[in-house]
Amino acid sequence: MRKLIMKMSISVDGFVGGPNAESDWIFKSSDEASRAWSVERIREAGLIIMGRKTFEVIASYWPTATGPFAAPMNEIPKAVFTQNGFKGSILPDAELLPAAASWADARVFDGDLADGIKKLKSEPGKPICAIGGAGFMRSLVATGLIDEYHLVTHPLFLGEGQAIFNGVTQPLDLKLVDAKVFPGGIIAHTYRI
């Protein structure tokens with residue numbers, strides 16, 4: 001069975017986005033070593049999953065992007081989870097680019113999130129990496145199907161914003177299996193169930 005890994009940037013005070021989903025703070029403390037670690041984690045995935053909103057925001061960006069994240073983001077297959085329907089491809093000019101194939105061919109799940117995750121986990125292959133916004137991640141946490149958490153803590157307080165663990169109703173004991181400290185102050189914690 002494939003494992004499901006959540007990868008998320010988080011502030012010291014527990015927010016994954018500002019009040020209006022702002023995420024520019026993620027890049028302020030980023031450094032070459034922390035970016036290399038993140039790229040390495042993404043490359044380990046056999047599938048990248050996300051919610052519809054995140055997909056719609058980033059799908060048109062990555063096929064023409066450059067930099068260390070571009071290759072894995074464009075090469076690894078995708079799956080999109082939606083509750084409000086999905087219009088299909090949103091890559092008008094990028095569809096002609098080879099890098100757009102994994103975005104154009106993304107699998108769409110519009111039923112129960114837990115059922116979709118169980119189906120993907122039962123398939124053979126490398127781990128599933130979940131990325132995305134607070135709503136999708138909060139729903140994913142609620143399924144109880146995450147095997148590993150990669151929480152990348154940035155050295156700042158947002159004061160207010162979007163959280164992903166505020167809906168947790170039962171304690172969940174995690175085992176810290178790795179912690180990396182990077183020059184810009186980011187600490188990457190890897191927890192397993």
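For this chain, numbers begin at 1 and follow the sequence in order. Note that the structure is predicted; figures quoted are calculated from it, not measured.
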For this session: Please collect all salt bridge (charged side-chain N to carboxylate O under 4.0 Å, His left out) contacts where either partner lies in residues 97-108, sequence neighbours excluded, each pair once.
Result: Arg107-Glu123
For this session: Following the transitive rule for hydrophobic clusters with a side-chain heavy-atom cut-off under 4.5 Å over Ile, Leu, Val, Met, Phe, Trp and Tyr, establish whether Phe136 and Tyr61 coincide in one cluster.
Result: no
Problem set entry | salt bridge (charged side-chain N to carboxylate O under 4.0 Å, His left out) pairs, two or more places apart, involving residues 138-157 | Lys3-Glu148, Lys121-Asp147, Glu148-Arg192
Exercise. So which pairs with a foot in residues 163-180 pass salt bridge (charged side-chain N to carboxylate O under 4.0 Å, His left out), sequence neighbours left out?
Worked result: Asp178-Lys180
Exercise. How would you list all residue pairs meeting side chain to side chain donor-acceptor pair (under 3.5 Å) that involve residues 66-76, not counting sequence neighbours?
Worked result: Asn74-Trp103
Exercise. Any side-chain heavy atom of Tyr149 sitting closer than 4.5 Å to one from Val141?
Worked result: yes
Exercise. Going hydrophobic residue to hydrophobic residue with side-chain gaps under 4.5 angstrom, can you get from Val177 over to Ile146?
Worked result: no
Problem set entry | Residues that Lys78 engages under side chain to side chain donor-acceptor pair (under 3.5 Å), provided they are two or more places apart | Ser102
Exercise. Do Phe182 and Glu32 come within less than 4.5 Å of each other through their side chains, counting heavy atoms only?
Worked result: no
Seminar exercise, completed: Closest non-hydrogen contact found for Val57 with Ser60 is O-OG, 4.2 Å
Exercise. In terms of hydrophobic clusters joined by side-chain contacts under 4.5 Å, are Val80 and Trp62 together?
Worked result: yes
Exercise. Sub-3.5 Å donor-acceptor pair from the side chain of Arg2 to the main-chain atoms of Lys126, do we have one?
Worked result: yes
Problem set entry | Non-hydrogen side-chain atoms of Leu151 and Tyr191 separated by less than 4.5 Å | yes
For this session: Report the C-alpha separation of Asp110 and Gln83 in whole Å, then their side-chain angles, then the decisive distance to 0.1 Å, and conclude whether the side chain to side chain contact (heavy atoms under 4.5 Å, CB included) test is met.
Result: CA-CA 6 Å; Asp110 58 5; Gln83 294 178 338; over 6 Å; no
Identify every side-chain donor-acceptor pair in residues 36-46 under 3.5 Å, counting partners at least two apart or on other chains, and give the distances.
{"from": "Ser38", "atom 1": "OG", "to": "Lys7", "atom 2": "NZ", "distance (Å)": "3.4"}
{"from": "Ser38", "atom 1": "OG", "to": "Ser34", "atom 2": "O", "distance (Å)": "3.3"}
{"from": "Arg41", "atom 1": "NE", "to": "Glu44", "atom 2": "OE1", "distance (Å)": "3.4"}
{"from": "Arg41", "atom 1": "NH2", "to": "Glu44", "atom 2": "OE2", "distance (Å)": "2.8"}

Run the side-chain donor-acceptor check on residues 157-165: report pairs under 3.5 Å with partners two or more places apart or on a different chain.
none

Exercise. Are any of the side-chain heavy atoms of Ile128 and Ile5 separated by less than 4.5 Å?
Worked result: no
For this session: Apply side-chain contact (heavy atoms from CB on, under 4.5 Å) to Pro155 and list each qualifying residue two or more places apart in sequence or on a separate chain.
Result: Ser29, Ile186
For this session: Output all residues satisfying ring pair (Phe, Tyr, Trp, His ring centres under 6.0 Å) with Phe109, sequence neighbours left out; order by chain, then residue number.
Result: Phe81
Problem set entry | Cluster check Ile187, Val152: I/L/V/M/F/W/Y, side chain < 4.5 angstrom | no
Seminar exercise, completed: Here the salt bridge (charged side-chain N to carboxylate O under 4.0 Å, His left out) pairs for residues 13-30, sequence neighbours left out, are none
For this session: Could you walk me through whether Leu120 and Leu47 pass side chain to side chain contact (heavy atoms under 4.5 Å, CB included), step by step?
Result: CA-CA 9 Å; Leu120 290 173; Leu47 179 69; 3.7 Å; yes
Exercise. Ignoring hydrogens and geometry, is there a side-chain-to-backbone donor-acceptor pair from Thr54 to Met50 under 3.5 Å?
Worked result: no
Problem set entry | Phe55 reachable from Ile49 in the ILVMFWY side-chain graph, under 4.5 Å edges | no
Exercise. With sequence neighbours excluded, what pairs up with Ala142 under the side-chain contact (heavy atoms from CB on, under 4.5 Å) test?
Worked result: none
Exercise. Please, which pairs that meet ring-ring contact (aromatic ring centres under 6.0 Å, His included) have at least one residue in residues 13-35, sequence neighbours excluded?
Worked result: Trp25-His154
Exercise. Are any non-hydrogen side-chain atoms of Val16 and Met137 less than 4.5 angstrom apart?
Worked result: no
For this session: With the side chain counted from C-beta on, respond yes when Leu113 and Ile117 share a heavy-atom pair under 4.5 Å apart, and no when they do not.
Result: yes
Exercise. Taking side chain as C-beta onward, heavy atoms only, is Leu140 less than 4.5 Å from Leu4?
Worked result: yes
